[in-house]
Amino acid sequence: MPRLARLVRYPLKGFAGQELDRTALRVGGGLPGDRSLALADGRVPVDPEGGWTRCEAFVRLTTNPDLPLFRLAADERDLTLVSPDGEELTIALDNPAAAGEVLAGWFPSSSTRLVRADAGYWDHEDAHVSLINLETVHALSDAAGQSLDPLRFRGNLYLQEMPAWEELGLVGHRIRIGEAELDVLRPIDRCRATSINPVTAGADMNVPLLLGREFGHIFCGVYAKVAKGGPLAPGAPVVDLGRNAAAAAVDATQGGPAQWPRPARIVSRSRESRDVVSLWLSDPLAGRREASLPGQHVRVHGRDDDGPLWRSYTVSATDGDLLRISVKRDGRMSALLHSTADPVLISGPFGHMTLPEADDGPLLMASAGIGITPMIAMLRACADRGSTRRVTLLHGARDGRALALWPEAEELVQRLPNGEARLFLSRPEPGDIAAYDATEGRVDLGVLTDAAQLAAAHLCGPPAFMRQAKSALIAAGADPGLIHYELFTSPDAAHANAVKPPAPGPFTVHFAASGVRARWDPDAGSLLDLAEAQGLQPRAACRSGACRSCLQTVSAGTAAYLSQPLASIPADSVLLCSAVPTSDLTIQC
């Protein structure tokens, strides 16, 4: 049975924690004294009545990585801080303003002052307690090749004897720990603060990038609120009381439930071809996340004997809280999915290659192999809409035994009054051409006579197929802006080392919404660093190109990435945390 291993509170937000041998949780709060104090730096107003205030208002690890070097002691009357230089400051909590001059000398802002919360300055107003699974930290350590101190995740309740990542399945559930009960609200998306070693204060491991690269998401731990108070001490058993309406009804934050990894149960499977199996998955967050759009995909996260892995699979069909993925056996993850009957961890749906809402003008879908999966979803959407537009599906496969989902595609095309489907088999077996009314050879886009009239073209298949198809369509007169395809991120892409800025500048970056113009050169760092140096506060979470929270629209100019982002980026957008300008640039933030 999972048990509580450690209790930690953080009297001063962002600073070192205090290990507790017992405490008592209370409804409407967390651990007594946890994050009840903070150092406001003057950049964001703090509620003068002690109400919750967002973390950007305070001195914090992401902007002050030396905070672990401060020693701290706190009781009901005083807070004592010892600086890295050994200078000691004792602050009487009934007169915190008296320490303002010393604090202003220790930290960059002359406005630094101590503030007190009525309850706590937690990361989220509704989430009073954070829980960390020590087995998950061990899994991260194995992937990193070095031991990661669990305290870098700044949790309150550290759990043991729970399989790695199993805590993510508690979201939306009520749990009992000792005599207290908690509603588990959401997983914790991790930022650059977790890259700071809690002992040495050095940034020794890019934890968000490690999570994204090896596991395909940036979450570790879960947030909870106290539903029933009670005493708590290490060794207390952790009991899952099941799904709970109060826990499942909280508002989503930071990207919403689609981003959250969660266990999906495999309810059925069917063989589609020699190499392809379809799995119907029951998504526990189906009612909380945005509905899957035709053409979107989910990520599947897993582990085999060689370590963690993840891959992306298009949602080829949905039915209530069920979604279907069709998996071709060609690697580690597909081998796992072809054989397992256990729940699998998924996140999503993701993706931008979706069927547009406008239902006019000729539509082309060209696919090869397992690339037929998004076309199935888009064809079904067209049929369900009663679309009368001209829809053409051109699909290629090796032979009849490799042909997955083709009968379903033909049936959907037959429901469209102006639908057409053509099949190409590159290496047909005897009888295949007649049996499938197919054309021998690869997909031939030359059969289109009016490519210039297309309202949209969607491509899916191996990268070489999509490049060649796009070139052929452009040569035939198609508008390049109407040709859509999506390359799934490979986990290996993030192993590339960061590169130097490709252009030295200087360039002018215009942050249009705020009216700020700033001069960029290589010393300015990323676009996010530049924005923050101007006093701007764009949204940002992982700061490693994995979460899309700092995604902004570019209206003029160009930018380049210093390391391959893990997130899928639209052509007219940029991730501020990972990019630098390569010309004068205008960003809509």
Side-chain angles (χ1 to χ4, degrees), residues 272-276 278 294-297 311-316 325-331 333-334 350-355 362-379 391-406 408-410 412-413 420-429 432-433 436-452 454 456-493 568 571:
E272 307 289 357
S273 71
R274 176 181 55 207
D275 301 317
V276 175
S278 285
Q296 288 191 308
H297 62 274
R311 289 292 185 271
S312 299
Y313 296 98
T314 300
V315 178
S316 55
I325 59 173
S326 301
V327 181
K328 180 181 178 181
R329 184 159 189 161
D330 62 357
M333 177 61 79
S334 60
F350 305 107
H352 306 284
M353 193 192 78
T354 59
L355 186 70
L363 173 65
L364 170 68
M365 303 177 191
S367 57
I370 198 62
I372 196 172
T373 50
M375 310 313 175
I376 292 289
M378 287 190 267
L379 285 170
V391 178
T392 302
L393 170 65
L394 305 179
H395 179 65
R398 179 187 179 93
D399 55 41
R401 291 195 300 155
L403 194 57
L405 301 172
W406 182 248
E408 187 173 337
E410 287 188 306
L412 291 168
V413 168
E420 177 188 11
R422 299 189 63 171
L423 176 64
F424 298 82
L425 298 177
S426 59
R427 297 183 183 179
E429 294 182 345
D432 279 351
I433 296 299
Y436 294 102
D437 191 21
T439 299
E440 185 169 355
R442 299 185 181 276
V443 174
D444 180 13
L445 294 175
V447 300
L448 293 175
T449 59
D450 57 350
L454 288 174
H458 295 279
L459 313 177
C460 191
F465 165 80
M466 292 190 288
R467 287 193 297 267
Q468 293 165 6
K470 181 178 180 180
S471 296
L473 287 172
I474 293 173
D479 182 344
L482 300 176
I483 302 173
H484 308 286
Y485 62 94
E486 191 164 24
L487 292 172
F488 289 161
T489 301
S490 166
D492 296 331
S568 174

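This chain uses plain numbering: 1 for the first residue, then up along the sequence.
In this structure the side chain of Ile474 reaches within 4.5 angstrom of the side chain of Ile483, judged on heavy atoms. At a threshold of 4.5 Å between non-hydrogen side-chain atoms, the residues Val391 and Val413 do not count as touching. Using a 4.5 Å heavy-atom cutoff, the side chains of Asp432 and Leu403 are not in contact. Side-chain contact between Leu423 and Asp437 is absent, with no heavy-atom pair separated by less than 4.5 Å. Counting heavy atoms from C-beta on, the side chains of Val315 and Gln296 never come closer than 4.5 Å.
A pairwise comparison of heavy atoms in Met353 and Glu486 identifies N-OE1, 3.6 Å as the closest pair. Considering all non-hydrogen atoms of both residues, Ser334 and Val327 come closest at CB-CG1, 3.6 Å. Residue Gly295 comes nearest to Thr314 through the heavy atom pair O-CG2, 4.3 Å, listed as atom of the first residue, atom of the second, then distance. Heavy-atom minimum distance, Trp406 versus Ala421: CH2-CB, 3.8 Å.
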Listing, residues 459-473 side-chain donor-acceptor contacts under 3.5 Å, not counting sequence neighbours, or none:
| unit_1 | atom_1 | unit_2 | atom_2 | d |
| --- | --- | --- | --- | --- |
| Ser471 | OG | Arg467 | O | 3.1 |

Under 3.5 Å donor-acceptor pairs involving side-chain atoms of residues 441-448, not counting sequence neighbours:
| unit_1 | atom_1 | unit_2 | atom_2 | d |
| --- | --- | --- | --- | --- |
| Asp444 | OD1 | Gly446 | N | 2.8 |

For a quick test of your reading: what N or O donor-acceptor pairs under 3.5 Å do the side chains of residues 366-378 make, sequence neighbours left out?
| unit_1 | atom_1 | unit_2 | atom_2 | d |
| --- | --- | --- | --- | --- |
| Ser367 | OG | His395 | ND1 | 2.8 |
| Thr373 | OG1 | Ile370 | O | 3.1 |

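Here Glu440 pairs with nothing under the salt bridge (charged side-chain N to carboxylate O under 4.0 Å, His left out) rule; sequence neighbours left out. Remark: Arg274 pairs with Asp399 by the salt bridge (charged side-chain N to carboxylate O under 4.0 Å, His left out) rule, at least two apart or across chains. For Asp450, the salt bridge (charged side-chain N to carboxylate O under 4.0 Å, His left out) criterion is met by Arg390, not counting sequence neighbours.
For the atom pair OG of Ser273 and CZ of Arg329, the computed distance is 12.5 Å after rounding to the nearest 0.5 Å. With values rounded to the nearest 0.5 angstrom, Leu405 atom CG is found 4.5 Å from Ser326 atom OG. For the atom pair Thr439 OG1 and Ile433 CD1, the distance stands at 7.0 Å (nearest 0.5 Å).
Under a 3.5 Å cut-off, the side chain of Glu420 and the backbone N or O of Thr392 do not form any donor-acceptor pair.
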